[in-house]
Visitor: 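Okay, here's the structure, questions in a sec.
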Amino acid sequence: MIDRLQQLRTELLEHNYRYYVLDEPTISDAEYDRLFRELQQIEAQHPEWVTPDSPTQRVGAAPLTALGAVRHSLPMLSLGNAFTPDEVQAFDRRVAEGLAASGQLTAGERAEYLCELKLDGLAISLRYEDCVLVQAATRGDGQTGEDVTANVRTIKAIPLRLRRPVAGVLEVRGEVLMYRADFERLNVSQGEKGQKIFINPRNAAAGSLRQLDSRITASRHLRFLAYGWGQVDAMPDVATHGGMLDWLAELGLPVDSHRRCVRGAQELLDFYTDVGAMRPQLPFDIDGVVYKVNSLAAQRQLGFVSRAPRFAVAHKFPAEEATTELLDIEVQVGRTGAVTPVARLRPVFVGGVTVTNATLHNEDEVRRKDVRVGDTVVVRRAGDVIPEVVAPVLDRRPPGASVFVLPTECPVCGSAIERLEGETIARCTGGLVCAAQRKQALAHAVSRRALDIEGLGEKLVNQLIDRGRVHTLADLFTLTAEELAAFERMGERSAQKLVQAIDKARHPALGRLLFALGIRHVGESTARDLARHFGSIEALMQADEHALMGVADVGPVVAASVAHFLAEPHNRDVLRSLLDEHGVEPVAEAGPLRETAIAGRTFVLTGTLPNWTRDEAAQRIAAAGGKVSGSVSRKTGYVVAGDDAGTKLTKAQELGVTIIDEAGLRELLGED
DNA sequence: GATCCTCGAGTTCC
DNA sequence: CTCGAGGATC
């Protein structure tokens, strides 16, 4: 009996592999089902023989109450975009120059790329430990994603165990997606059951993957295609991205077969054209193609800019466009007084959602596009998210449509609208006299990245300001549950919860409090820098412009803005009142700048490190809050030197910058 | 003085 | 996500 069980498992795994990975099934679905049921029966008789990697163990488990958070060991990055042939040529030129500079490419030689489809699904990371799938996580913000292990185990295209031995950790990255045919069928059955109809395969895949009840996921026919990797303990002996993909395929992971290895910009563009032609015949949606420098050594050489690799780019298909009528152009007033024209549109379905509003950014933008109220306009979703008015359809302009003129007075408070010379943004001069600005300022102060007060949404903010109950941040801390319960759409329970949330905000991290104040030019990051540098509100309040300039990334403009804010008696009063009367006690930032070796410091990597690639080292430094820069200067904190270090090491010695090796870096990072 | 990069600010929809 | 602008670097 146990022999038969082993045999069934092996056969079913093989058929799975043929079906999902090789796309060459050798038996019918009915035959597969027969084998599957036989295995189920044997396992039912002998529960002690059931193992977690058995093909029967993909049926889903009992619902969870929430998806847990998973921190990626290496961040999941995003890619830069290209939309035009010019941009692709510019990308190729940058790559060629970068590689020529390091001698990896001789002049006139064309760089080698691996071209792939850009799948329109959800990026996930699969973690295998000693060949066994142990965890699956969504991309999330790139640093932290959601734990979707239970759901991912139900996706038949994803092996629960690798087909070849791989020691230690292997993180596989790829896209979970739904085939168009499966999507159509799902919507039919959803419709019959009177359940939610999905707008597109991407949304359906996302909704299915994030189910709390993995039994639902199991019924949804999700697919998976691998395109990359994260942590790899046992790196195979391959030199190219293409080689890595071949290796992943050998391990039993599905990899899309439309990849192509090419040289130079023209061949990249040819791939784009070819893929565009076959796009309607593909079984799944794509939103473009991806070009990656093929050589892994060359990839390391090129490195990263901020969160995106320099060695890869996504060449996107043009966004879907639609035409609709521009009903009106209204202006909004932001928290800094910025006056923004907004297009009110006749609702139109484009790129998977119904669009009714679109920003027009500023006065110049409206002029440049020459859109007028009454025009028929072309609308698209830029970057597939934010709606954008592209241009008017001039043939259909109604006679007498007049050019848009920005009002000279604020529509909310009547103060003058002013546009300083050389600035693109016009601003309401009303300051806190303007209710719109007070509302936005309060909404900003309580937002998640600032004081993080839950339960204080737009509606309530509006009421608090309109009734004159809250004028400054300090007033917020005088609210009681009794009076809040009397506001519209507020019950006793929500009122009490809100008061608790406000109470919790009495001990914010100093940086969050500074960010909450809404000082011009002081965002989340600068606020944290200020908090770390000065350590307390009191110390900051005594700082003059000169002292402020001493903070990293603070120059004359930011220093003047902060000094101006602090010089304003009204602002000082609010701060004093917060601290002295309302029991607000900011807590010093965790890990102040002077006390951690990594956070806020700049690292330069040079030479070959013994165990880490440069990318890995860079990503680990970034994960610990450090910065990685390409060149050595006096502001460089550390130079991490490996074998064959070049001129950067010499320069570091000249400038007296601390030089460490990989072991030293590990020590700083707190690893063994 | 030019250029690259990061940060701030504004915005949409579900 | 995107633009503009401030800051740092070359």
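Predicted, not measured: the structure shown is a model, and the values here were computed from it. Naming convention: chains lettered A, B, ... in sequence-line order (proteins, then strands); numbering from 1 in each chain. Heavy-atom basis, side chains included; hydrogens, waters and symmetry copies ignored.
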Visitor: Starting at atom CD of A/Glu365, determine the distance to atom P of B/dG10, rounded to an integer number of angstrom.
Guide: 16 Å
Visitor: If I take atom CG in residue A/Leu514 and atom P in nucleotide B/dG8, what distance separates them, rounded to the nearest angstrom?
Guide: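 Checked: the CG to P distance equals 12 Å.
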Visitor: Counting only side-chain nitrogens and oxygens, does A/Arg210 get under 4.0 Å of the OP1 or OP2 atom of B/dC14?
Guide: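 Checking B/dC14 against A/Arg210, no side-chain N or O comes under 4.0 Å of OP1 or OP2.
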Visitor: Please state how far atom NZ in A/Lys316 lies from atom P in C/dC1, giving the value in whole angstrom units.
Guide: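 After rounding, the reported distance stands at 7 Å.
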Visitor: Indicate yes or no for a side-chain donor-acceptor contact from A/Asn571 to the backbone of A/Leu566 under 3.5 Å, with no hydrogens or angles considered.
Guide: no
Visitor: Whole angstrom is fine here: how far is it from CZ in A/Arg380 over to P in B/dC13?
Guide: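 One finds 16 Å between P of B/dC13 and CZ of A/Arg380, rounded.
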Visitor: Can you list, pair by pair, the side-chain donor-acceptor contacts under 3.5 Å of residues 424-443 of chain A, counting residues two or more places apart and other chains?
Guide:
| unit_1 | atom_1 | unit_2 | atom_2 | d |
| --- | --- | --- | --- | --- |
| A/Arg427 | NE | A/Thr336 | O | 3.3 |
| A/Arg427 | NH2 | A/Thr336 | OG1 | 3.3 |
| A/Thr429 | OG1 | A/Ala416 | O | 2.7 |
| A/Gln437 | NE2 | A/Cys428 | O | 3.3 |
| A/Arg438 | NH1 | A/Leu432 | O | 2.7 |
| A/Arg438 | NH1 | A/Val433 | O | 3.3 |
| A/Lys439 | NZ | A/Asp466 | OD1 | 3.2 |

Visitor: Please determine whether a side-chain nitrogen or oxygen atom of A/Gln332 lies at a distance below 4.0 Å from atom OP1 or OP2 of B/dG10.
Guide: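 So the side chain of A/Gln332 is outside the cut-off, no N or O lying under 4.0 Å from OP1 or OP2 of B/dG10.
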Visitor: Using a 4.0 Å cut-off on heavy atoms, which residues in residues 196-209 of chain A reach DNA chain C? List them by number, or say none.
Guide: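 Within residues 196-209 of chain A, no residue comes under 4.0 Å of DNA chain C.
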Visitor: What is the distance, rounded to the nearest whole Å, between atom NE2 of A/His521 and atom C1' of B/dA9?
Guide: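 So the NE2-C1' distance, A/His521 to B/dA9, works out to 10 Å.
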Visitor: Taking only side-chain N and O atoms of A/Thr340, does any of them lie within less than 4.0 angstrom of OP1 or OP2 on B/dT11?
Guide: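 Yes, such a contact exists.
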Visitor: A/Asp287 CG to C/dC1 P: how many Å, rounded?
Guide: 11 Å
Visitor: Between atom NE2 in A/His361 and atom C1' in B/dG8, what is the gap in whole Å?
Guide: 15 Å
Visitor: Rounded to whole Å, how long is the line connecting atom CD of A/Glu524 with atom P of B/dA9?
Guide: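 Spelled out: CD on A/Glu524 to P on B/dA9 is 11 Å.
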Visitor: Are A/Arg520 and B/dG8 close enough that a side-chain N or O sits under 4.0 Å from OP1 or OP2?
Guide: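 Checking A/Arg520 against B/dG8: no side-chain N or O falls below 4.0 Å of OP1 or OP2.
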